[in-house]
Amino acid sequence: MAGGQTAKVPRKVYEQELLRLQTELVRLQEWVRAQGARLVVVFEGRDAAGKGGTIKRVTEHLNPRVARIAALPTPTERERTQWYFQRYVAQLPAAGEIVLFDRSWYNRAGVEHVMGFCTKEEHQRFLHQCPIFERMLVEDGILLRKYWFSVSDTEQQERFRKRLEDPLRRWKLSPMDLESITHWEAYSRAKDDMMVHTDIPEAPWYVVESDDKRRARLNMIAHLLDSVPYHGVPEPSVELPQRPPSTGYERPPRDLQTYVPDHAARL
């Protein structure tokens, strides 16, 4: 495994530490809301690198009104005529919000470039403008974190195979995923070129070794928490009110409403 990691994190250890980190993520969320902070987290990497699973664990216990996922579809004809970053700007957080980009503006540096969905000129313009764009975000006070999930070719192939055999995950295996197998080196060169141009002091890239999904999730979440200067905020004092005495209300007869059949009773 890359980075000298050999042993997978035991499930019990993983679950205990994940719960602890998720509890801290809730504290981070409350700090973001109370301080009016704006947090953007970019998740990038090869197909089947573990981005989606990590995002699920990050957001599992968070308030969807505070933390939301931006996973944009293929641009429309109108969006293709806009400034490239324009549709991503619309997804940026307002005060007190967290946005997690499940792939981001870096599509242009990866799949669009490798698969020929953009011109060489558009690709070069992106590499020039992206650091400027990200510096503008940081200068305006946005907390920007960028994570690249690094998976080996053998592990990626194995995950593709499992997706193909699992009816619950087969939808994750798109034709574009299969194309990535035959363009491994092209994607590697594109990623290296992207890193050279966009790994800037104001918004550096953080690489997450992800052959071990459990380790990757713990490492990424722990790093995110360590990188943000959050602190606990006072919780409002909440008490359950006393139920008022009955005023004679009676529920309507059951036969006047349509109930969901008790499927569980047949198990």
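Treat the numbers as computed from the prediction; the structure is a model and nothing was measured. Reckoned from all heavy atoms, side chains included, excluding hydrogens, waters and symmetry mates.
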Does Trp148 have any side chain to side chain donor-acceptor pair (under 3.5 Å) partners at least two apart in sequence or in another chain, and if so, which?
none
Looking at Asp166 and Lys162, would you say the former's side chain and the latter's main chain have a donor-acceptor pair under 3.5 Å?
no
Please tell me whether Val26 and Val41 are part of a single hydrophobic cluster in this structure, the criterion being side-chain heavy atoms less than 4.5 Å apart.
yes
Go through the structure and list residues passing ring-ring contact (aromatic ring centres under 6.0 Å, His included) with Tyr84, not counting sequence neighbours.
Tyr88, Phe126
Salt bridge between Arg20 and Glu17, side-chain N to carboxylate O under 4.0 Å?
yes
Are the side chain of Arg145 and the backbone N or O of Ser227 linked by a donor-acceptor pair below 3.5 Å?
yes
Within 6.0 Å of CE in Met136, more than 12 heavy atoms from elsewhere:
no
CA sep, side-chain torsions, deciding dist, call: Glu112, His123, side chain to side chain contact (heavy atoms under 4.5 Å, CB included)
CA-CA 8 Å; Glu112 290 189 19; His123 176 241; over 6 Å; no
Can you list every pair that meets ring pair (Phe, Tyr, Trp, His ring centres under 6.0 Å) and has a residue in residues 209-229, with sequence neighbours left out?
Tyr147-His223, Tyr206-His223
Working to the nearest 0.5 Å, report the span between CD of Glu79 and CZ of Arg87.
5.0 Å
Looking only at heavy atoms, the pair that brings Val58 and Met220 closest together is CG2-SD, 4.3 Å
Which heavy atom of Leu39 sits nearest to which heavy atom of Pro93, and what is that distance?
O-CG, 3.9 Å
Residues at least two apart in sequence or cross-chain that pass salt bridge (Lys or Arg N to Asp or Glu O under 4.0 Å) with Lys213, listed by chain then number, are none
Linking I/L/V/M/F/W/Y whenever any side-chain heavy atoms sit under 4.5 Å apart, do Ile221 and Tyr14 land together?
yes
Are Arg135 and Glu139 within salt-bridge range, i.e. N to O under 4.0 Å?
no
For the side chain of Arg68 and the backbone of Glu97, is there at least one donor-acceptor N/O pair under 3.5 Å apart?
no
Quickly, which of Arg189, His197, Lys191 forms a side-chain contact (heavy atoms from CB on, under 4.5 Å) with Asp193? Name it, please.
His197
Considering residues at least two apart in sequence or located in another chain, which fulfil the side-chain contact (heavy atoms from CB on, under 4.5 Å) criterion with Arg103?
Glu44, Asp47, Lys51, Asn107
Taking atom CG of Leu127 and atom NE2 of His113, what is their separation to the nearest 0.5 Å?
8.0 Å
OG1-CG distance between Thr23 and Leu18, expressed to the nearest 0.5 angstrom:
9.0 Å
I'd like to know if the side chain of Ser150 and the backbone of Val208 have a donor-acceptor N/O pair within less than 3.5 Å.
no
Is the side chain of Arg170 donor-acceptor paired with the backbone N or O of Leu164 at a distance under 3.5 Å, no angle test?
yes
Residues Leu218 and Leu21: closest non-hydrogen pair is O-CD1, 3.7 Å
Any donor-acceptor N/O pair, Gln29 side chain to Ala67 backbone, under 3.5 Å:
no
For Pro131 and His128 the tightest heavy-atom approach is CD-O, 3.5 Å
Please state whether the rings of Tyr187 and His183 are parallel, tilted or perpendicular, taking 30° and 60° as the class boundaries.
perpendicular
Taking Val207 as the starting point, is it possible to reach Phe101 by hopping between hydrophobic residues whose side chains are less than 4.5 Å apart?
yes
For His263, all residues meeting side chain to side chain donor-acceptor pair (under 3.5 Å), sequence neighbours excluded:
Arg266
Grouping I, L, V, M, F, W and Y whenever their side-chain heavy atoms are under 4.5 Å apart, do Val114 and Phe149 come out in a common cluster?
no
side-chain contact (heavy atoms from CB on, under 4.5 Å) partners for Arg125, two or more places apart:
Glu122, Gln129
Heavy atoms only: give me the nearest Arg57-Gln22 pair and the separation to one decimal.
O-NE2, 2.9 Å
Using a 3.5 Å distance criterion without hydrogens, assess whether the side chain of Asp212 forms a donor-acceptor pair with backbone atoms of Val9.
yes
Can you see whether Ser188 engages Arg46 through a side-chain donor-acceptor pair at a distance of less than 3.5 angstrom?
yes
If you apply the rule side chain to side chain contact (heavy atoms under 4.5 Å, CB included), what do you find for Val42 with Leu144, and how did you get there?
CA-CA 8 Å; Val42 169; Leu144 176 60; 4.1 Å; yes
Checking Arg159 against Gln156 for the side chain to side chain contact (heavy atoms under 4.5 Å, CB included) test, could you report, in this order, the C-alpha distance in whole Å, the side-chain angles of both residues, the deciding distance, and whether it holds?
CA-CA 5 Å; Arg159 291 178 186 177; Gln156 184 194 49; 5.8 Å; no
Could you tell me the separation between the CZ atom of Phe117 and the CZ atom of Arg108, rounded to the nearest 0.5 Å?
11.5 Å
If you look only at distance, which donor and acceptor atoms sit under 3.5 Å apart when one is on a side chain in residues 234-247 and the other is two or more places apart or in another chain?
{"residue": "Ser246", "atom": "OG", "partner": "Gly248", "partner atom": "N", "Å": "3.0"}

State, yes or no, whether a side-chain contact exists between Glu15 and Arg214 at a heavy-atom distance under 4.5 Å.
no
Treating Ile, Leu, Val, Met, Phe, Trp and Tyr as nodes and any side-chain heavy-atom pair under 4.5 angstrom as an edge, say whether Phe133 and Phe43 lie in one connected cluster.
no
So, using ring-ring contact (aromatic ring centres under 6.0 Å, His included) as the criterion, who are the partners of Trp205 when residues are at least two apart?
Tyr106
Does Asp199 have any salt bridge (Lys or Arg N to Asp or Glu O under 4.0 Å) partners at least two apart in sequence or in another chain, and if so, which?
none
Taking only residues two or more places apart in sequence or in another chain, which ones pass side chain to side chain donor-acceptor pair (under 3.5 Å) with Gln86?
none
Determine whether more than 12 heavy atoms belonging to other residues, nucleotides or ligands lie under 6.0 Å from atom CD of Gln257.
yes
To the nearest 0.5 angstrom, please state how far the OG atom of Ser210 sits from the CD atom of Glu155.
8.0 Å
Rounded to the nearest 0.5 Å, what's the gap from CG on Asp102 to OG1 on Thr59? Could you check?
10.0 Å
List the residues meeting side chain to side chain donor-acceptor pair (under 3.5 Å) with Glu24, not counting sequence neighbours, and say none if there are none.
Arg27, Tyr230
I'd like to know if the side chain of Arg38 reaches the main chain of Asp140, judged simply by a donor and an acceptor atom lying under 3.5 Å from each other, with no hydrogens or angles considered.
yes
Under a 3.5 Å distance rule, please check whether Asn219 uses its side chain to pair with a backbone N or O of Glu209 as donor and acceptor.
no
Shortest non-hydrogen contact from Arg80 toward Glu77
NH1-OE2, 2.7 Å
Is Lys56 salt-bridged to Glu60, cutoff N-O under 4.0 Å?
no
